[in-house]
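These numbers come from the heavy atoms of this one structure, side chains and all, not from hydrogens, waters or symmetry mates. Within every chain, numbering begins at 1; the chains are lettered A, B, ... in the order of the sequence lines, protein sequences first and strands thereafter.
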2 protein chains.
Amino acid sequence: MGAMQHPPEEDIVLTRVLYALSDEGRLAIVRRLGAKGVATCAELEDGRPKSSMSHHFRVLRQCGVVRTEVAGTSHLNSLRREELDRRFPGVLAAILAV
Amino acid sequence: MGAMQHPPEEDIVLTRVLYALSDEGRLAIVRRLGAKGVATCAELEDGRPKSSMSHHFRVLRQCGVVRTEVAGTSHLNSLRREELDRRFPGVLAAILAV
DNA sequence: CTTTAAGTTCGACATTCCTCGAACCATTTC
DNA sequence: GAAATGGTTCGAGGAATGTCGAACTTAAAG
């Protein structure tokens, strides 16, 4: 199960990113991810069932906000900061700064 | 029909703003509004029917992105830049800069 | 090899949302 | 006053989304 679906940098669409971040739960995930740097799905679940978390991570992945690397049975998630900042300078930073 | 529904500055919620801007049509409206400063609904319709435009303007209004002042039969729309920038510094600017 | 842990996928249900026509309301204009 | 203008509101249809349980997959551990 190697390659998670990550859009290439140039295919990242602003409205999709904004949509992904318009969900409180997902924004919370992104904030904590921004603070921790890297985290597994399990570390960020907040009482929500695994299937819900998986859904949110997929949304974040498909829109290009999060990168997921498989490490054994765990998935290591991190923000695609550089790519996002090149494509939409300042957007993620401004949102995370709130 | 005086008072359009505008949330006070402190009630503006980031996720709602992001959601409002996650629609291509609405983001286009906001961009053109940012460029023109003030515009009536009719000026920004882009082939879409009036009811659709009205819907989008209401979404933008309710989340605090747009302010609408009634002037006769026309509605003058503008961005709530200062309020948004106080509440979420840099967010709107970064998005509009893309 | 069996069990366990970490996530994903599938399916169902409820909710929300977008789109657009039709009817409706003020305000200005003739 | 009547017609025209600029928007809003209502309602319906259809698409997308979030939530969550259940079953499944893969890798590590025993």
Side-chain angles (χ1 to χ4, degrees), chain A residues 1-7 13-33 36 38-79, chain B residues 1-7 13-30 32-33 36 38-78:
Chain A
M1 164 128 302
M4 295 261 129
Q5 288 246 46
H6 295 104
V13 176
L14 180 59
T15 47
R16 279 216 217 298
V17 170
L18 297 180
Y19 180 80
L21 300 179
S22 74
D23 178 275
E24 293 284 359
R26 281 193 297 258
L27 183 54
I29 289 176
V30 169
R31 286 194 197 292
R32 302 177 64 184
L33 217 47
K36 301 197 59 166
V38 178
T40 63
C41 302
E43 288 179 86
L44 297 185
E45 69 175 88
D46 203 36
R48 288 180 286 278
K50 302 197 294 181
S51 52
S52 294
M53 291 305 287
S54 192
H55 166 68
H56 289 309
F57 273 109
R58 187 180 32 168
V59 173
L60 290 170
R61 224 181 286 127
Q62 290 180 332
C63 75
V65 170
V66 162
R67 167 184 30 242
T68 304
E69 292 171 70
V70 181
T73 62
S74 296
H75 290 192
L76 301 181
N77 303 288
S78 54
L79 297 182
Chain B
M1 165 124 308
M4 296 259 128
Q5 287 246 47
H6 295 104
V13 175
L14 180 59
T15 47
R16 278 214 218 297
V17 171
L18 297 180
Y19 179 80
L21 300 179
S22 74
D23 178 276
E24 294 284 358
R26 281 193 297 259
L27 183 55
I29 290 175
V30 169
R32 301 178 63 185
L33 217 48
K36 300 197 58 164
V38 178
T40 64
C41 302
E43 290 180 86
L44 298 185
E45 70 176 86
D46 202 35
R48 288 180 286 277
K50 302 197 296 181
S51 53
S52 294
M53 291 305 287
S54 193
H55 164 68
H56 289 308
F57 273 108
R58 187 180 30 163
V59 173
L60 290 170
R61 225 181 285 127
Q62 290 179 332
C63 75
V65 169
V66 162
R67 167 182 33 240
T68 304
E69 292 171 70
V70 180
T73 62
S74 296
H75 290 192
L76 301 181
N77 304 289
S78 54

Asks: Going by the rule salt bridge (Lys or Arg N to Asp or Glu O under 4.0 Å), which residues pair with A:R67 if we only count those two or more places apart in sequence or in a different chain?
Replies: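 A:R67 satisfies salt bridge (Lys or Arg N to Asp or Glu O under 4.0 Å) with A:E83 only.
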
Asks: Within the sub-3.5 Å range, which N or O atoms of nucleotides 21-24 of chain C have a protein N or O partner, and how far apart are they?
Replies:
from, atom 1, to, atom 2, distance (Å)
C:dG21, N7, B:S51, OG, 3.1
C:dG21, O6, B:S51, OG, 3.1

Asks: Nearest 0.5 angstrom please: A:L44 CG to A:N77 CG, how far?
Replies: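 The CG atom of A:N77 is 7.0 Å from CG of A:L44, to the nearest 0.5 Å.
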
Asks: One pair to check against side-chain contact (heavy atoms from CB on, under 4.5 Å): B:L21 and A:T15. What are the steps and the verdict?
Replies: CA-CA 7 Å; B:L21 300 179; A:T15 47; over 6 Å; no

Asks: When you look at CZ of B:R16, are more than 12 heavy atoms from neighbouring residues, nucleotides or ligands closer to it than 6.0 Å?
Replies: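 No, because the 6.0 Å sphere around CZ of B:R16 holds 12 heavy atoms or fewer from other groups.
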
Asks: For B:E43, give me all partners under salt bridge (Lys or Arg N to Asp or Glu O under 4.0 Å), at least two apart in sequence or on another chain.
Replies: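 Listed in chain order: B:K36.
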
Asks: Under 4.0 Å, counting only non-hydrogen atoms across every strand here, what does A:S74 touch: a base, just sugar-phosphate, or nothing?
Replies: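 Sugar-phosphate, no base atom in range.
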
Asks: Tell me: CD1 of B:I29 to P of C:dT19, nearest whole Å?
Replies: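 Distance, rounded to whole Å: 10 Å.
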
Asks: May I ask you to verify if any side-chain N or O of A:H75 is less than 4.0 angstrom from the OP1 or OP2 atom of C:dG7?
Replies: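 No, outside the criterion.
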
Asks: From the options D:dT19, D:dT8, C:dG7, select the nucleotide whose nearest atom is closest to the side chain of B:C41.
Replies: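 The answer is D:dT8.
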
Asks: Near DNA chain C, counting only heavy atoms under 4.0 Å, which residues of residues 56-69 of chain B show up?
Replies: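 Result for residues 56-69 of chain B: B:H56, sorted by number.
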
Asks: Any side-chain N or O of A:S54 under 4.0 Å from OP1/OP2 of C:dT8?
Replies: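 Yes, within the criterion.
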
Asks: Less than 4.5 Å apart, side chain to side chain, heavy atoms only: is that true for B:E24 and A:V13?
Replies: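 Heavy-atom side-chain distance check passes, below 4.5 Å.
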
Asks: Among residues 14-26 of chain A, which contact DNA chain C at a heavy-atom distance under 4.0 Å?
Replies: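 Here the set is empty: none.
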
Asks: Would you mind telling me which residue lines up with the more 5' stretch of DNA chain D, A:R48 or A:T73, judged by nearest nucleotide?
Replies: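 Here A:R48 is the residue nearer the 5' end.
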
Asks: Show which side-chain atoms of residues 46-66 of chain B pair as donor or acceptor with protein atoms under 3.5 Å away, not counting sequence neighbours.
Replies:
from, atom 1, to, atom 2, distance (Å)
B:H56, ND1, B:R26, NH1, 3.2
B:R61, NE, B:T68, OG1, 3.0

Asks: Taking atom P of C:dC17 as reference, at what distance in whole Å does atom NE2 of B:H55 sit?
Replies: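 Those two atoms, NE2 and P, are 8 Å apart.
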
Asks: From CG of A:N77 over to P of C:dG7, roughly how many Å is that when rounded to an integer?
Replies: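 Distance check: A:N77 CG to C:dG7 P gives 8 Å.
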
Asks: Could you check how far CD of B:E43 sits from C1' of D:dG6, rounded to whole Å?
Replies: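 B:E43 atom CD is separated from D:dG6 atom C1' by 12 Å.
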
